Amino acid sequence: MPEISYRHALNAALSEEIERDENVFLIGEEVAEYNGAYKVTEGLWKKYGGKRVVDAPISEAGFLGLSVGASMMGLRPVVELMFWSFIYVAYDQLVNNAGTVRYMSGGLVNCPLVVRGPANGGTNVGATHSHTPENMLANMPGLKVVCPATAYDAKGLMKTAIRDNDTVCFMENTLLYGESWEVPEAEYLIPLGVADVKREGADISLIGHGRALLTALQAAEVLAEKHNINAEVLDLRSIRPLDEEAILKSVRKTHRAVLVEENRPFCGVAAQISSMIHEKAFDDLDAPVLRVSSLDAPAIYSPPLEKLQLPTIERIVARVLEIC
Amino acid sequence: MPEISYRHALNAALSEEIERDENVFLIGEEVAEYNGAYKVTEGLWKKYGGKRVVDAPISEAGFLGLSVGASMMGLRPVVELMFWSFIYVAYDQLVNNAGTVRYMSGGLVNCPLVVRGPANGGTNVGATHSHTPENMLANMPGLKVVCPATAYDAKGLMKTAIRDNDTVCFMENTLLYGESWEVPEAEYLIPLGVADVKREGADISLIGHGRALLTALQAAEVLAEKHNINAEVLDLRSIRPLDEEAILKSVRKTHRAVLVEENRPFCGVAAQISSMIHEKAFDDLDAPVLRVSSLDAPAIYSPPLEKLQLPTIERIVARVLEIC
Amino acid sequence: MEKLAEANEYAAAEVNRNLTNEQKIGFMLDMFRIRRFEQEAAKQYSQGKMGGFLHLYIGQESVAVGTVSVLGEDDHVITAYRDHGHALAVGMGMDECMAELYGKKTGCSQGKGGSMHYFAPEKNFWGGHGVVGGQTPLGLGLAYALKYKGLTGCVLCFMGDGAVNQGPVHESMNLASLWDIPVIYIIENNGYSMGTSQARSSAFGECLAARAEGYGIDWDVANGESLYEIRAKTAQAVERAHKESRPTVLEIDTYRYEGHSVADANKKKYRTAEEIEKYKTEHDPLRLWRKVLVEEGVLDDQAADALDREAKREAIASAKFAAESDFPGPEAIFEHVYHEVDHDTVSGRTGKHFFND
Amino acid sequence: MEKLAEANEYAAAEVNRNLTNEQKIGFMLDMFRIRRFEQEAAKQYSQGKMGGFLHLYIGQESVAVGTVSVLGEDDHVITAYRDHGHALAVGMGMDECMAELYGKKTGCSQGKGGSMHYFAPEKNFWGGHGVVGGQTPLGLGLAYALKYKGLTGCVLCFMGDGAVNQGPVHESMNLASLWDIPVIYIIENNGYSMGTSQARSSAFGECLAARAEGYGIDWDVANGESLYEIRAKTAQAVERAHKESRPTVLEIDTYRYEGHSVADANKKKYRTAEEIEKYKTEHDPLRLWRKVLVEEGVLDDQAADALDREAKREAIASAKFAAESDFPGPEAIFEHVYHEVDHDTVSGRTGKHFFND
Ligand SMILES: Cc1ncc(C[n+]2csc(CCOP(=O)(O)OP(=O)(O)O)c2C)c(N)n1
Ligand SMILES: Cc1ncc(C[n+]2csc(CCOP(=O)(O)OP(=O)(O)O)c2C)c(N)n1
Ligand SMILES: [Mg+2]
Ligand SMILES: [Mg+2]
């Protein structure tokens, strides 16, 4: 199978969906003529023209709200946020409009919308540009949240997200855009709400999403090599819907879990999952579920410190050793 | 001790702090000449004039951001949001400006700001007007979040919040404004981050904040009368800082806990607390910590259904009986 | 407000010139229906039949009826929370509207949205939106979709005079002009946002609509007393949208008689009783339209009263309908959250969507 | 840009008339310092000495230097992420600015903010803000505080031509005018927001600043080539703020030579190489000011070169300073989150503030 980058996989998914459905269009800052601030939409404007790939002014509330309105009438906008951090200037449009209009209309209206862009720290762009809002948006019933960790998942999930009839918040990672994975050339879809065992193991479950999952995979190697601990690594892929069955299945097998996330800890995704595991698998657990999140401060600029602020292999290993 | 309403207690706190410190001023929609949409600021404009009590246009991002800027220069604005739900049009100003400026300036700037208003469902105003963002805002290191359940706490915490040198998100409840409690006439302050045992008990800990706490107190009575279960009821009062010690102390005594919140469940405050209790008091628990949150959908309008959507005494009792 | 006589010169405008008597009487009935519907709703509200907010449109009926009356098949409407007038004007039934207020399953939104959140997409009506200004990008998007699909249509997006100071309004105007979107922003200027007069909430040059100039958008101001003027100026904007795909900002001067909402205890504090009285007696759009029709010989007083009675009967019947309808069952709480779950698609079945247990 | 000759007629303006040679030379040096600082920063960036973004101000130096040069004791400055020029103009040192880029403890923000987030409140400089438009309500609030405290001062709040389409800008303008706030919004119009030309991002009538008219705010446009014109028009706005407590919107035409940020690979794709070249040769504010000073006999070429060399030396030294400084220790991650915790007050000691364990 050919290896392609996470960026390229997204680009292919967008391209294929634009071709498949005339109602799909991309909109965002610099997505067209500039080819995307992170080049995810490279070549698409040239190929599909200005109707299908639209450069927008710096008016996130305006063009995200526009997209919600257009989706109400049956279009399928894919909105790029240059950073998910900028959702905070358009939060009301996403949460109150896309998030509630189906409900408040008793099902008369729906919003088949994808909002996508990178949501990560670790690139020294400071506190305002490094938010990871997956926990907050998944708090809102009506919205869906997806955080792919690999090129394969990014492509399959993006295609599903675009075809989904609800609003999907699709969170990518600038640090992954350049990384490559095997991706088949034939079309495939990955359903939302289905987690993926990225490494089988028997001694402990490492559970996470996005780039933290990759860190967990590296930690699993260290655990195997240095500590003779065989960790299972479960990639949530989708935060809402959430594959609780897969989580519980893994934990019932390993009886131990460490949750890994780049979210900040207070009410992070791992808080929800920890609470759920304890509630539903209390008697299966040989130890409390532990968490590894970003260090609990705004994202620091200073490059060496920001590396420490995100979950590190060392922190994951240390957490695992506390309970193994 | 005289009984005064939650509304009156807040009004007194605001009035006293305006008198005490010339840098304190109130700003928000209809807070001055109209006396406040929910009359929390009644009489203050008349008493202190238009410099200290300021009516603002419907520009939450504008006047909240203005207040952040003014606080940077040493004023102490108290911003009313008519509903906390409207924070979503001003989210960036709160999270990225008030929330990070101290950090990003290496401590050169701080924002002694209070943002207050009601954050609750249960009044049939529909999904857009019934948000409870305490979990999301407490996710942000740099912000503080307070949710008083009684008039006594509201007054003491508001005065502390105004004197605090960080940004405090103060979440009230329209359903409590008219309720009365004993409040001393002499001045008192309640520190942030100190929980309060509102009912002593030995069999189970009911832990919550805001109006849900009052529902928990009622549930405790039912448990005592009908089920011979003596519940301890712990009021968090402040979500961030959080009194983890008090939580753990109670749970170590009762060995069981049910967490109650009007938050929606996914990554709600109770998720954080459940995860923390399991992690730190795993061996003290005789059963998993269970949660009672709002039913997981946007707030429904239909009055009889919205009653069911919020935590009810019945749901709390049922949850308790699962583990007692 | 400018002189009414002047306003009524718009009777000669193209869109008004060929109106049939039937149409003119229809407008009268539509306005009576809105007023009677709301009076009935207010009565039932005060008897505890509904919860939450009830923002009455009484006094502003000519705006919804006049503007909507010039729309065609591919023209759409979206508004804020003061939406009963627009809903009835686009042809929604009183029954489903009243039942929505009661929170009943027979309501237009099955009791899930309430007063502020009426919807009827099949009547080109896209809500009813509670967050001030929040509907303005949505209206833009609806119009964007029309253009995208190659339809000749437009969107009337209503907002209040207080809403103009929300950021999204400004962002929307820029986008509308930049991209030639056929959206018409109608500012229903009733002089107040809650208890705040226009002068205390907005700084402006000539008028609120003139802010459009900063975006190169055409704008106009209409006298809300006159159906003829409202229709003429809306028609002009609709034509601009249809023919040039250009936006318009149209400010319509009007007045609300009641409080901001029925629960507004201050309704006579931020404005004088005389001011309200003056509007009711001298500027009431129903009274004035009735006068026009009587003078034109289209209607006599008896016939007008009969129309009004008809409207009142319909409103009373709608309250009965609402009262007798059922509340939705508790299962409704988890319906209409996700399309995929409601339709039990593959996508709706994978993973957990709700998190109470 | 209008003719420079015309612009330089502003030499006769009151604020310029009595400038000493020393002051004029000071402006020259200030501009050299900004340019050399940034050139050095870009060089170090390309050698991997810093992370994240680096938005260069090169080409726009006259704006920061000219506007800031008319300010007095109670006048303040706030800007967006392209903030090095303003920071040096208000008097921040190259050392602390360079060290901040390196993420060092000796940086102005102790390495915690980076390029976009410089701060120096003691120099009346309030940042450095990364979210486009997000600083505009803050600038308003700073000015609000000045007025509240009874000080005669104002705030210069800078933004780009792309920022004008953010909602908070509009909300801020309305509030500034409504409440007579002494804030001066300066639109640094460099023609592009990232790769998007002004024509592709903004719909407007006369110019961007003219949107101010919709709020009853005075506005003006200045030619960014001319320090004299910038100073004259800024001084007028400052006077309006000081004397009438009224806001101004001042658009200054300028140009950035480099990419949006140093990492902008497209910097020559959305505009022609000729366009950039033309600005560098014909419109460069440093060249032009130097020419003015030479013509006025204030400075000869040798002296000018000496100034430039001085600036360059300082820049190189600052890179050395930055390189030799220490990174903050890991404990810094949890510092400066909460004032009360940092100061170990009672309030900082009750309850848990951080949640990793
Ligand atoms: C963002 C936001 N802020 C505040 C409110 C509360 N609110 C509801 S209506 C209203 C006044 C709106 O006035 P206007 O736009 O003039 O419309 P009118 O009520 O006169 O029809 C306010 C402040 C809200 N719903 N949304
Ligand atoms: C709300 C928001 N949206 C998008 C961005 C990304 N971004 C940073 S700078 C910029 C362009 C701004 O252009 P302009 O205002 O003209 O300023 P200039 O870069 O020319 O100085 C964009 C889109 C951001 N920082 N904040
Ligand atoms: Mg109004
Ligand atoms: Mg620019």
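Predicted, not measured: the structure shown is a model, and the values here were computed from it. Naming: A, B, ... by sequence-line order, numbering from 1 per chain.
Here the closest non-hydrogen pair linking C:Pro121 and A:Val109 is CG-CG2, 3.8 Å. Closest approach of C:His353 and A:Arg240 over heavy atoms only: O-NH2, 2.8 Å. Counting all heavy atoms, side chain and backbone alike, C:Leu138 lies closest to A:Gln93 at CD2-OE1, 4.1 Å. Looking at every heavy atom in both residues, A:Gly62 comes nearest to C:Pro137 through O-CB, 3.8 Å. C:Asn174 and A:Pro57 get closest at one heavy-atom pair: ND2-CG, 4.0 Å. Closest non-hydrogen pair, A:Asp164 versus C:Ser347, comes out as OD2-OG, 2.9 Å.
If you measure heavy-atom distances from A:Ala138 to chain C, you find no contacts under 4.5 Å at all. With a 4.5 Å cut-off on non-hydrogen atoms, A:Leu189 does not touch chain C at all. There is no contact between A:Val89 and chain C, counting heavy-atom distances below 4.5 Å. With a threshold of 4.5 angstrom between heavy atoms, A:Val194 approaches chain C through side-chain atoms but not through N, CA, C or O. At a 4.5 Å heavy-atom cutoff, the contact between C:His343 and chain A is made by side-chain atoms alone. Of the atoms belonging to C:Glu335, it is backbone heavy atoms, and not side-chain ones, that fall under 4.5 Å from chain A. Contacts of A:Glu22 with chain C are made by backbone atoms alone, with heavy-atom separations under 4.5 Å and no side-chain atom involved. Contacts of A:Asn139 with chain C are absent, with no heavy-atom separation under 4.5 Å from either backbone or side chain. There is no contact between C:Ile181 and chain A, counting heavy-atom distances below 4.5 Å. Proximity to chain A (any heavy atom under 4.5 Å) is restricted, for C:Leu175, to the side chain, taken from C-beta onward. Looking at C:Ala143, neither its backbone nor its side chain comes within 4.5 Å of chain A, counting heavy atoms on both sides.
Judged by distance alone, the side chain of C:Glu340 and the main-chain N or O of A:Asn165 form a donor-acceptor pair under 3.5 Å. For C:Thr350 (side chain) and A:Leu192 (main-chain N/O), a donor-acceptor pair under 3.5 Å exists by modelled atom type. A donor-acceptor pair under 3.5 Å links the side-chain atoms of C:Lys149 to the main chain of A:Met73, judged by distance alone. The backbone N or O of A:Leu143 sits less than 3.5 Å from a side-chain atom of C:Tyr338, completing a donor-acceptor pair. Judged purely by atom type and a 3.5 angstrom limit, C:Tyr148 has no side-chain atom pairing as donor or acceptor with the backbone of A:Arg52.
Considering only heavy atoms from C-beta on, A:Glu60 stays 4.5 Å or farther from C:Glu171 through its side chain. Side-chain atoms of A:Asn96 and C:His129, non-hydrogen and from C-beta on, never get closer than 4.5 Å to each other. Counting heavy atoms from C-beta on, the side chains of A:Arg102 and C:Asp342 come closer than 4.5 Å. Residues A:Val101 and C:Phe119 form a side-chain contact, since some pair of their non-hydrogen atoms from C-beta on lies under 4.5 Å apart. Between C:Ile333 and A:Tyr103 the shortest side-chain heavy-atom distance falls below 4.5 Å.
Contact tally against chain C (heavy-atom pairs below 4.5 Å) for A:Gly106, A:Pro141, A:Gly99: the top residue is A:Gly106. Ranked by heavy-atom pairs under 4.5 Å with chain C, the list A:Asp243, A:Asn110, A:Thr167 is led by A:Asn110. Contact tally against chain A (heavy-atom pairs below 4.5 Å) for C:Phe334, C:Tyr118, C:Trp179: the top residue is C:Trp179. Residue with the most contacts toward chain A among C:Met116, C:Met173, C:His76: C:His76 (heavy-atom pairs, distance under 4.5 Å). If you tally non-hydrogen atom pairs under 4.5 Å between each of A:Gly65, A:Ser105, A:Gly193, A:Ser59 and chain C, the highest count goes to A:Ser105. Counting heavy-atom pairs closer than 4.5 Å to chain C, the top residue among A:Lys144, A:Met276, A:Lys280, A:Glu279 is A:Lys144. Interface check for chain A: of the options C:Gln110, C:Glu122, C:His339, the most heavy-atom pairs under 4.5 Å are formed by C:His339. Looking only at heavy-atom pairs under 4.5 Å with chain C, the residue among A:Asn97, A:Thr100, A:Val68 that has the most is A:Asn97.
Atom CD of C:Glu244 sits in a crowded spot, with more than 12 heavy atoms from other residues, nucleotides or ligands closer than 6.0 Å.
Between atom CZ of residue C:Phe355 and atom CG of residue A:Leu242 there is a gap of 5.0 Å, rounded to the nearest 0.5 Å.
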